[in-house]
Amino acid sequence: MSRFWVVSRKQWHIGLAVLAFIMVSIAFIKYSQLQMSEHAASTTTGETRVLHMITGEFKTTLDNGKELETYLFHPGTVYAHDGEKVELRIKGVNGKQHDFVIEGLDIRGTIKKNEETVVTFQAKEGIYRIVCLTHADAAHEGPMVGYIVVD
Ligand SMILES: [Cu+2]
């Protein structure tokens with residue numbers, strides 16, 4: 001008895017078909033994971049779309065030793081669909097406190113370090129600016145602005 005298999009043409013074809021199926025499956029799984037990671041800032045629980053943001057910071061030291069810093073919302077843009085109930089959760093990471101308004105939604109609040117501020121609203125088509133009043137412009141370590149895009 002030979003130690004080697006003699007592979008018939010038919011077995012070879014089946015083998016290739018199985019291999020092709022496995023590769024397509026892996027590609028599909030990878031693609032699905034990619035799609036999910038792109039929407040990592042957004043999850044849905046029942047009818048509610050939960051959007052996550054944090055407060056971040058850019059910091060650098062100038063040649064003269066002076067520090068330059070500016071605050072930001074991260075991710076800078078979050079998405080929802082028209083008609084959805086939205087729960088926006090912003091966690092304070094950088095910066096002691098951020099007083100903010102969401103233009104067009106009549107929402108205002110405060111984000112504090114290591115605390116999560118949660119606001120809810122009914123999404124209507126449009127682009128809404130989340131403006132930090134504490135860091136409104138370059139003179140006040142801003143502009144710190146985020147966007148909610150509803151389509
Ligand atoms: Cu701020």
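In this chain, numbering begins with 1 at the start of the sequence shown. Predicted model, so just to flag it, every value in this text is computed and none were measured. Every number for a ligand or one of its atoms is a count from 1 in the order of the listing.
Take a cut-off of 2.8 Å around the Cu ion (ligand 1): the protein N, O or S atoms inside it are His98 ND1, Cys132 SG, His135 ND1, Met144 SD.
Between Phe73 and Phe100, the two ring planes are perpendicular [angle over 60°; tilted spans 30° to 60°].
Rounding to the nearest 0.5 Å gives a distance of 9.5 Å between CD of Glu84 and CD of Glu47. In this structure, OG1 on Thr110 lies 4.0 Å from CG on Asp99, to the nearest 0.5 angstrom.
Using a 4.5 Å heavy-atom cutoff, the side chains of Ile107 and Leu88 are not in contact.
No donor-acceptor pair under 3.5 Å is formed between the side chain of Glu115 and the backbone N or O of Lys91.
Residues satisfying the side chain to side chain contact (heavy atoms under 4.5 Å, CB included) criterion with Asp106, sequence neighbours excluded, are absent altogether.
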